[in-house]
Structures are given as structure tokens and as C-alpha cells.
Trainee: 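Before anything else, here's the structure in question.
Quick caveat, the model's predicted, so the values are computed rather than measured. Both ligands and their constituent atoms are indexed starting at 1 by order of listing.
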Amino acid sequence: MQPVHVIGGGLAGCEAAWQIATRGVPVVIHEMRPIHATAAHRTDGLAELVCSNSFRSDDAAANAVGLLHAEMRRLGSLIMRAADANQVPAGGALAVDRDAFSAAVTAALAAHPLVTIAREEVAGLPPTDWDSVIVATGPLTSPALAEAVRGLTGADSLAFFDAIAPIVHRDSIDMSVAWAQSRYDKAGPGGSGADYLNCPLDRAQYEAFVDALLAAETVPFRDFEASTPYFDGCLPIEVMAARGRDTLRFGPMKPVGLTDPRHPERKPHAIVQLRQDNRLGTLFNIVGFQTKMKHAEQVRVFRMIPGLEQAEFARLGGIHRNTFLESPRLLDPTLRLAAMPRLRFAGQITGCEGYVESAAVGLLAGRFAAAERRGEPVAPPPPTTAHGALLGHITGGHVVTIDAGPRSFQPMNVNFGLFPPLAAAPVRQPGAPRLRGAAKTLARKQALTARALADLDAWRAAAEPVSPA
Ligand SMILES: Cc1cc2nc3c(=O)[nH]c(=O)nc-3n(C[C@H](O)[C@H](O)[C@H](O)COP(=O)(O)OP(=O)(O)OC[C@H]3O[C@@H](n4cnc5c(N)ncnc54)[C@H](O)[C@@H]3O)c2cc1C
């Protein structure tokens, strides 16, 4: 059997290779370290964690990344096995001894008879006789390979910086303050004329908001990020505010072409717009609000916006050096590049964010490639699972927009806003008090996670009629 080639021995590549090999298919991992370094990796170990040593919450009942952990464990993940075996105390989070974790992943792959580890850079498109390839080269993909992919997908299809605006759960926006309307009621291609949610600010609210932006603490760029240009229409909101007190009012917060239906006589001094982000309509991003503010500062400052006082954030803003594809346009539902289907993509380069998410997408890519090689059906997981929700964000859930500014598809952590809503509200136990507030939110999350695990088990059983080798 011809091997599957995995380029990149990081979180995604290692998980993909493991899934392939455990299905009886030979696999070659091509990892360029230590021959070529990246700006962030420090060792020659596979699955090196470049920054924090945390895999975040391990709560599978009420947290989306905890659910992803649980699903990965059920799917035989090597990354989770190595993480569990090398845990360090971290409260409700799963944190690991990074060196022992990386050593465990490296040793497991090196010991597997179907895995070959080649220490080399793939410095261009893979040779034509590699008929099944997974590109898992991460946010710091080597320039030669990035250029080759860019040549294949088009210059605008591979970004080298993300410009992430915060995303808010739709049901946490106060619709007694906000209203739905597109500027000048323009329907545009595919719109309704009421595609944005608008939050009005009077002069005093605007001035206080600008003061808060200017005073907020920010995260500095890393040394290697400082040299990468990102100023193409995606200035951080606080940098815009620093250029002049009215800059935002003439930029992303301009109050024109919009009328509050409840108070048509009022002319807001500024307006914050939120735009639908996913097909499900559960998530809205704050238009033009990419930022380097610290996360806690973002929550504090953005909750000053009328209508967002109780906002729950599915994603907070950021700007980082990254490498990621415009996946919803380029990849098919099993992560293959439509323009060259022998190439699959996995990990952060697909537009997911985080160690765990990168490994989870590697897990899926590995399973898809192995099934294809074995001549078995390649079935994506149901959208109700954490894996399916993440895959949906990458390959199809995002609503593309045509506004000026940063590209609308941006990296995302797994979160409950990506899951299809429950068909019915969770039922309370007979005699128990009516569910409200935090208890209601918790019950909803528990119902989502229970549905996810049940659906994952059904998918796993159907996808694996034969037991893996
Ligand atoms: C500086 C930085 C800090 C981050 N901090 C965190 C954090 O704290 N927590 C978190 O959850 N996420 C963090 N991330 C985001 C992300 O989760 C990690 O980058 C994660 O490692 C991505 O997994 P991956 O498998 O896609 O890429 P990687 O783990 O980076 O693996 C890619 C591998 O491909 C190799 N490679 C690249 N090009 C080639 C080539 N042409 N040929 C052969 N090999 C190649 C690289 O050497 C690397 O080993 C951070 C990202 C960066 C850049």
C-alpha cells in the first residue's frame, strides 16, 4: 500500500499520522526541524507546544473544548493519550509537562511499524507521485511551501496575519436596544437588508468608549511578528482611536444610513455594527473591531457598548502572525483542496485556532485519508459533535461578506455558538424549580454535550465497520 505523506510533525500532523497508522495504512511524516527552525519552536521534538502548556478546560459536560477532549479520547487520539499521561496540576484545566508530552508523542510515532519520520523540509508542492498528502505545517509554515500553496490557491487565499474581531453569541445581545438593519437597507448579494445588528451610542457614551479604548492594556507583538506587515485595512481599533477622537465615527462606527425604528427622531453619535458570522445565525462579529487589547480588557470595554452590556463572547479579538487558508472557499467537506484533491489540509492552517483544535482537525484529516486509502466511505462527523462543529466552521459554516477591511473568514476556537441549537429547551426534573440564568445556561450546555457524545458514538460505530489494525 502506498503511504500517506504528512507534512509537518506538529499537533495536527502527529495526530493525523497516528490515526492513519492505526488503521493499517503506512505514513511518512516530513518534519523540517531541526534542519530548518521556525520563529517559535525551540526543540526538535514532535508536537512541541510553542507557548502555554495548557489544553484549556477539561470539563466535558459544560465546556466546548472539554467536549472536544472527550470526543478525541473516544476516537483514540494520541495527543490526548500523551497529554493525559503527562498531566501537571492545573485545576479544571488539562495542562501538561511540555517536554514529557512531546517526548511521549515522538516515541509513540517512532515505535509504530507503519510510521516513518523524515527530517526534511518540503520546500514546494509535493512530488506528483505522492498521491495522498496532508499539509499540517501550522501558523509558521515555511516560506517556500507557503509560496507554493499560494500559487495554487491565489494570492488572497492564504493570509500571513489574522485580524480577529470579537464574536458575540446572538442570544446575549440586548435586542431592546439593538436593531437589525443593513446600512441604507442594502440587501446586496444574498442579504435581506437587515443583516446587521446595530448598537447606538450618544455623544457621552462614545467619548467614554474612546477613553476606555485609549486607556486599555494591550498585548505587544512578538519580535518575529513586528516585521510582518498587517496594516492592510485592518488597523487595531485602539490604534484607530489613537489617531483622532472622531476617527472611529468616520470609520467602523459611522452613524449613517441607519435609523433606530424605536426612536427614528434620534440621530446616534456613533453606531457599532455586528454582522452575522455563521450560517446558523448564532454568532455575530463586531465589524472592524480587530484589536490587540488584552482579553479581560476587551470584555470590559466592549460591554460598555449599549446593547452589549451582557454580551457573551464566543471569540475575543486578536492580531497575530499566522498562516491560514480561506478554507470555506477552497476545501471540500473532507478537507481536500478542490483545486488539487491529492492535498488535504489540517491544523491551524485550515483556520482553526489552538493546540486542541489543531490536533482534532488533524485527527479528522488522518481518518479521512486512511478511509480513502482503504477504499472505505469517507463520512464527516455530524455537525452536532465538537469535531463536526469545528469542521463546519472550516469548510462551510462561515458567512462570507464583501465589506472592505480584513478578510471575513478568521481563525476560531471551538465554542458552543458553532453547534446547531437544541431542538427543544432542556426539560427540568419534575418538581424542580424553573431553570433561569446560569442554571439555564448550564443545562443547555449539558444538553449540547450529551447530544454531541451520543451522535459521536453513532458516527464512530458507523465509520468503523472493521476494527482498526
Ligand atoms: C507564537 C505562537 C504561540 C501560540 N500559542 C498558543 C497557545 O499558547 N495555546 C494554544 O492553544 N495555541 C497556541 N498557538 C496556536 C496553535 O495552536 C499552535 O500554533 C499549534 O501548534 C498549531 O498546530 P499545527 O499542528 O497546526 O502547527 P504546528 O504545531 O506549528 O506544527 C507544524 C509543524 O510543521 C513544521 N513545518 C512547517 N513548514 C514545513 C515544511 N515546509 N516542511 C516540513 N515541516 C514543516 C514545523 O516545524 C512544525 O513542527 C500559538 C501559535 C503561535 C504561532
Trainee: Indicate yes or no for a side-chain donor-acceptor contact from Q19 to the backbone of L363 under 3.5 Å, with no hydrogens or angles considered.
Mentor: no
Trainee: Considering only heavy atoms of A12, which atoms of ligand 1 have at least one such atom less than 4.0 Å away?
Mentor: 25 (O)
Trainee: Do any heavy atoms of H320 fall under 4.0 Å from ligand 1?
Mentor: no
Trainee: Would the distance check show the side chain of E71 and the main-chain N or O of T385 forming a donor-acceptor pair, the cut-off being under 3.5 Å?
Mentor: no
Trainee: For ligand 1, is R321 a contact, meaning one of its heavy atoms is under 4.0 Å away?
Mentor: no
Trainee: Say you draw a straight line from CD of Q348 to CG of N322; how long is it, rounded to the nearest 0.5 Å?
Mentor: 4.5 Å
Trainee: Can you report which non-hydrogen protein atom sits closest to atom 53 (C) of ligand 1, along with the distance?
Mentor: P139 CG, 3.8 Å
Trainee: Looking only at N/O atoms, are S52 and ligand 1 under 3.5 Å apart anywhere?
Mentor: yes
Trainee: Which one of G138, C352, A118 has a non-hydrogen atom at the shortest distance from atom 24 (P) of ligand 1?
Mentor: G138
Trainee: With heavy atoms of L11 as the reference, note each atom of ligand 1 found under 4.0 Å away.
Mentor: 21 (O), 23 (O), 25 (O), 29 (O)
Trainee: Counting only nitrogen or oxygen atoms and a 3.5 angstrom limit, does L140 reach ligand 1?
Mentor: no
Trainee: So that I can tick it off, tell me whether R300 and E297 are bridged by a salt bridge, with the cut-off set at under 4.0 angstrom between side-chain N and carboxylate O.
Mentor: yes
Trainee: Suppose we call two aromatic rings close when their centres sit under 6.0 Å apart. Are F101 and Y355 close by that rule?
Mentor: no
Trainee: When only distance counts, is G354 in polar contact with ligand 1, meaning an N/O pair under 3.5 Å?
Mentor: yes
Trainee: So, does R74 use its side chain to make a donor-acceptor pair with the main chain of L456 at under 3.5 Å?
Mentor: no
Trainee: Under a plain distance cut-off of 3.5 Å, with no hydrogens placed, do T38 and R33 share a side-chain donor-acceptor pair?
Mentor: no
Trainee: Check whether Q410 reaches the backbone of A163 with its side chain - one donor and one acceptor, N or O, closer than 3.5 Å.
Mentor: yes
Trainee: S54 versus ligand 1: do any nitrogen or oxygen atoms come within less than 3.5 Å of each other?
Mentor: no
Trainee: Taking atom 32 (C) of ligand 1 as the point of reference, which of T137, L145, T38, L49 owns the nearest heavy atom?
Mentor: T137
Trainee: Once you round to the nearest 0.5 Å, how far does CD of E225 lie from CZ of R321?
Mentor: 8.5 Å
Trainee: Please list the nearest protein heavy atom to atom 49 (O) of ligand 1 with its residue and the distance rounded to 0.1 Å.
Mentor: E31 OE1, 2.6 Å
Trainee: Under 3.5 Å between some N or O of ligand 1 and some N or O of A40?
Mentor: no
Trainee: So, taking the atom named NZ in K445 and the one named CG in L67, what distance separates them when rounded to the nearest 0.5 Å?
Mentor: 12.0 Å
Trainee: Nearest heavy atom to atom 3 (C) of ligand 1: which of V50, V6, V356, I7 does it belong to?
Mentor: V50
Trainee: Do H393 and F409 have side-chain heavy atoms sitting under 4.5 Å apart?
Mentor: yes
Trainee: Should you measure from each heavy atom of E120, which atoms of ligand 1 turn up under 4.0 Å away?
Mentor: 43 (C)
Trainee: Out of E357, Q348, H36, whose heavy atom sits nearest atom 26 (O) of ligand 1?
Mentor: Q348
Trainee: Report the nearest protein non-hydrogen atom to atom 38 (N) of ligand 1: residue, atom name, distance rounded to 0.1 Å.
Mentor: S142 N, 3.1 Å
